[in-house]
Amino acid sequence: MPRRVIPVADLSAAPVITGPVQTPRGVLRDTLARPLRDLRISVTDRCNFRCVYCMPREVFDKNYAFMPHSALLSFEEIERLARLFVAHGVEKIRLTGGEPLLRKNLEFLIERLAQLTTPAGRPLDLTLTTNGSLLERKARSLKDAGLNRVTVSLDALDDTLFRRMNDADFAVADVLNGIAAAQAVGLEPIKVNMVVKRGTNDSEIVPMARHFKGSGAVLRFIEYMDVGTSNGWNMTEVLPSAEVVARIAEHFPLAPLEAHSAAETAQRWGYVDGGGEIGVISSVTRAFCGDCTRARLSTEGKLYLCLFASSGHDLRALLRSGASDAEIGTAVAEIWQGRGDRYSQLRGSSAAISSMPDGRRVEMSYIGG
Ligand code: SAM
Ligand code: SF4
Ligand code: SF4
């Protein structure tokens with residue numbers, strides 16, 4: 001059987017620096033005046049789940065060619081790039097994947113990243129998104145390494161449905177135990193992400209809200225997105241966040257809360273009785289590109305400026321060519337200053353379609369959520 005590789009439309013080459021090389025310093029702004037503040041780093045393209053909306057088993061099967069270890073950025077390379085991004089204004093780093101807890105010795109990377117400080121001397125906001133399956137075992141070592149908090153994905157409380165969605169026979173209890181362990185060691189505030197697929201798990205919206213109300217964890221509902229090309233996305237399966245809020249409010253009255261910051265992706269709603277809050281991330285029905293301050297670094301060191309990009313900028317090639325910090329920092333600056341991506345705002349328009357000439361996009365498991 002031939003090895004199968006999902007095309008990621010990789011048109012990327014090592015960035016070419018067009019201006020004078022300068023030591024990286026100061027906040028960068030893109031063509032829409034958006035600063036570079038957040039960096040999401042994918043540390044592996046592998047996962048022990050096969051979520052139907054992300055890594056469907058028909059595609060990510062035993063013949064799927066995951067990246068060889070030599071292709072991955074080493075921890076030294078990740079730390080070096082992270083340091084240059086921080087010099088350019090990044091204040092928050094999120095580790096993701098694939099399943100980040102599958103990357104061997106991830107704690108060593110966290111220890112290195114936890115040492116970084118912003119130019120003003122503040123520590124970074126260092127976090128990680130996980131499916132939770134290994135969290136019970138790892139919560140303590142992650143905390144000790146310097147991780148601040150975690151976001152845990154959980155799409156249902158009904159065990160049969162959850163096993164069907166993760167398609168790898170993991171039980172809800174594994175994830176709930178992981179969340180409890182993370183709370184016990186203080187990896188807080190914990191966020192719990194639920195991707196809502198109409199007709200698949202929307203029956204779980206109210207039970208999930210009931211379960212996490214008053215628990216200290218903030219449950220966030222994410223609209224099912226058209227990331228990648230392998231999940232067969234269809235608009236009819238998107239349940240608008242407004243409907244999520246309405247369904248919960250029928251049981252537990254809600255009132256809108258102020259955003260923590262302009263770049264916050266979730267709209268916050270508080271339980272009127274004081275039982276905490278929920279968030280809704282309306283990537284499809286209410287695009288927030290205008291405030292998008294996120295860059296993404298793929299497992300093999302390509303810099304992506306949008307979750308829906310079809311190509312990245314090959315920073316690994318620069319790193320491995322012996323480029324200096326000033327050269328890499330200058331390349332990052334030029335790339336960010338040229339950024340005009342706003343896919344969600346343009347979704348469905350001819351501009352969005354022409355931004356992807358071959359219709360292919362990177363997969364979420366490759367670029368990280
Ligand atoms: N494996 C980890 C996890 O599941 O938390 C981290 C990587 S995962 C790609 C990051 C986040 O993206 C998860 O919360 C996941 O539910 C979300 N996600 C994946 N595919 C999605 C899609 N098509 N639409 C919306 N969210 C998606
Ligand atoms: Fe794995 Fe996360 Fe994708 Fe699910 S959403 S398949 S857990 S990477
Ligand atoms: Fe940011 Fe792209 Fe998402 Fe818009 S579509 S919010 S630019 S990642």
Side-chain angles (χ1 to χ4, degrees), residues 30-32 34 36-38 40-57 59-60 66 94-103 127-135 150-156 162 165-168 170 174-175 178-179 191-197 200-201 219-234 237-239 241 263-265 281-284 286-296 298-299 304-310 339-347 352 355 361-369:
D30 69 9
T31 62
L32 301 172
R34 298 170 297 187
L36 171 58
R37 290 291 186 203
D38 308 73
R40 297 190 173 194
I41 305 176
S42 174
V43 292
T44 177
D45 59 338
R46 290 163 201 260
C47 190
N48 51 351
F49 282 22
R50 285 293 176 273
C51 300
V52 289
Y53 53 76
C54 178
M55 295 180 77
R57 197 171 276 287
V59 177
F60 294 87
F66 289 100
R94 176 178 296 280
L95 301 179
T96 178
E99 173 46 43
L101 299 187
L102 289 182
R103 179 81 186 250
T127 180
L128 172 150
T129 304
T130 172
N131 63 28
S133 60
L134 301 170
L135 192 53
V150 287
T151 296
V152 183
S153 303
L154 179 63
D155 296 327
F162 182 61
M165 286 189 82
N166 69 54
D167 203 13
F170 279 93
D174 297 334
V175 182
I179 293 172
K191 291 177 184 161
V192 176
N193 279 355
M194 170 179 175
V195 175
V196 180
K197 257 189 109 175
T200 301
N201 67 337
L219 176 61
R220 304 183 325 158
F221 299 89
I222 305 178
E223 287 178 351
Y224 173 43
M225 288 186 283
D226 46 340
V227 268
T229 44
S230 66
N231 64 10
W233 183 86
N234 190 314
E237 292 178 309
V238 178
L239 188 96
S241 294
E264 189 167 45
T265 51
I281 303 181
S282 319
S283 333
V284 180
R286 198 169 180 275
F288 38 78
C289 302
D291 295 314
C292 181
T293 56
R294 289 179 296 283
R296 293 177 159 84
S298 78
T299 314
Y304 287 86
L305 303 177
C306 176
L307 188 50
F308 298 92
S310 55
R339 175 186 190 239
D341 302 61
R342 52 190 183 110
Y343 175 82
S344 284
Q345 271 180 355
L346 304 174
R347 182 179 272 109
S355 73
R361 295 191 289 255
V362 285
E363 296 294 328
M364 188 87 141
S365 53
Y366 165 79
I367 196 178

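Note that ligands are numbered from 1 as they come in the structure, with each ligand's atoms numbered from 1 the same way.
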Exercise. Among side-chain atoms of T151 and R220, is any donor-acceptor pair under 3.5 angstrom?
Worked result: no
Problem set entry | atom 3 (Fe) of ligand 2 [closest protein heavy-atom partner, distance rounded to 0.1 Å] | C54 SG, 2.4 Å
Exercise. By number and element, which atoms of ligand 1 are closer than 4.0 Å to a non-hydrogen atom of N131?
Worked result: 2 (C), 3 (C), 5 (O)
For this session: Pick one of side chain, backbone, both or neither for how V227 approaches ligand 1, counting any non-hydrogen atom pair under 4.0 Å.
Result: side chain
For this session: Could you tell me if any non-hydrogen atom of G97 lies under 4.0 Å from any atom of ligand 2?
Result: no
For this session: Provide the number and element of each atom of ligand 2 under 4.0 Å from a heavy atom of M55.
Result: 6 (S)
Exercise. If only atom types and distance count, is the side chain of R40 paired as donor or acceptor with the main-chain N or O of R294 below 3.5 Å?
Worked result: no
Exercise. Short list, please: which atoms of ligand 1 are under 4.0 Å from a heavy atom of V195?
Worked result: 16 (O), 25 (C), 26 (N), 27 (C)
Problem set entry | Which atom of D30 lies closest to which atom of R339, heavy atoms considered | OD2-NH1, 2.9 Å
Exercise. At the 4.0 Å heavy-atom cut-off, does G98 count as touching ligand 1?
Worked result: yes
Problem set entry | Close N or O approach (D155, ligand 1; < 3.5 Å) | no
Exercise. Does the side chain of N193 come under 3.5 Å of the side chain of T129 through a donor N or O and an acceptor N or O?
Worked result: no
Seminar exercise, completed: The answer for which part of T130 has a heavy atom under 4.0 Å from ligand 1 is backbone
For this session: Run the numbers for me: atoms of ligand 1, each under 4.0 Å from some heavy atom of N193, listed by number.
Result: 14 (O)
Exercise. Taking only heavy atoms of T96, which atoms of ligand 1 are found under 4.0 Å from at least one of them?
Worked result: 6 (C), 7 (C)
For this session: Could you tell me whether some N/O pair between Y224 and ligand 1 is separated by less than 3.5 angstrom?
Result: no
Exercise. N/O of M225 under 3.5 Å from N/O of ligand 1, yes or no?
Worked result: yes
Exercise. Do any protein N, O or S atoms sit under 2.8 Å from atom 4 (Fe) of ligand 3, and which ones are they?
Worked result: C289 SG
Exercise. Strictly by modelled atom types, are T293 and D38 linked by a side-chain donor-acceptor pair under 3.5 Å?
Worked result: yes
Exercise. Can you tell me the protein heavy atom closest to atom 2 (Fe) of ligand 2 and the distance?
Worked result: C47 SG, 4.5 Å
For this session: Compute the ring centroids of F49 and F170, then answer whether they are less than 6.0 Å apart.
Result: yes
Seminar exercise, completed: In short, D167 meets R57 closest at the heavy-atom pair O-NH2, 2.6 Å
Exercise. Does the side chain to side chain donor-acceptor pair (under 3.5 Å) test come out yes or no for T299 and R46, once each step is laid out?
Worked result: CA-CA 10 Å; T299 314; R46 290 163 201 260; over 6 Å; no
For this session: Looking only at non-hydrogen atoms, find the nearest pair between L101 and L128 and report the distance.
Result: CD2-CD1, 3.9 Å
Exercise. Looking only at heavy atoms, is any part of C51 under 4.0 Å from ligand 2, and if so is it the side chain, the backbone, or both, or is it neither?
Worked result: both
For this session: Any atoms of ligand 1 less than 4.0 Å from a non-hydrogen atom of E99? List them with their elements.
Result: 1 (N), 2 (C)
Exercise. Of all residues at least two apart in sequence or in a different chain, which pass the side chain to side chain donor-acceptor pair (under 3.5 Å) check with R37?
Worked result: E91
Exercise. For E99 and N48, does a side-chain donor sit closer than 3.5 Å to a side-chain acceptor?
Worked result: no
For this session: Give a yes/no on ligand 1: does E223 have at least one heavy atom closer than 4.0 angstrom to it?
Result: yes
Exercise. Just checking, is any N or O donor in the side chain of E237 or T200 under 3.5 Å from an acceptor N or O on the other one?
Worked result: no
Exercise. Would you call the rings of Y224 and W233 parallel, tilted or perpendicular, where under 30° means parallel and over 60° means perpendicular?
Worked result: tilted
Exercise. Which atoms of ligand 3 are found less than 4.0 Å from any heavy atom of R296?
Worked result: 8 (S)
Exercise. Ignoring hydrogens and geometry, is there a side-chain-to-backbone donor-acceptor pair from R34 to C289 under 3.5 Å?
Worked result: yes
Exercise. Taking atom types as modelled, is there a side-chain donor on D155 or Y53 under 3.5 Å from an acceptor on the other?
Worked result: yes
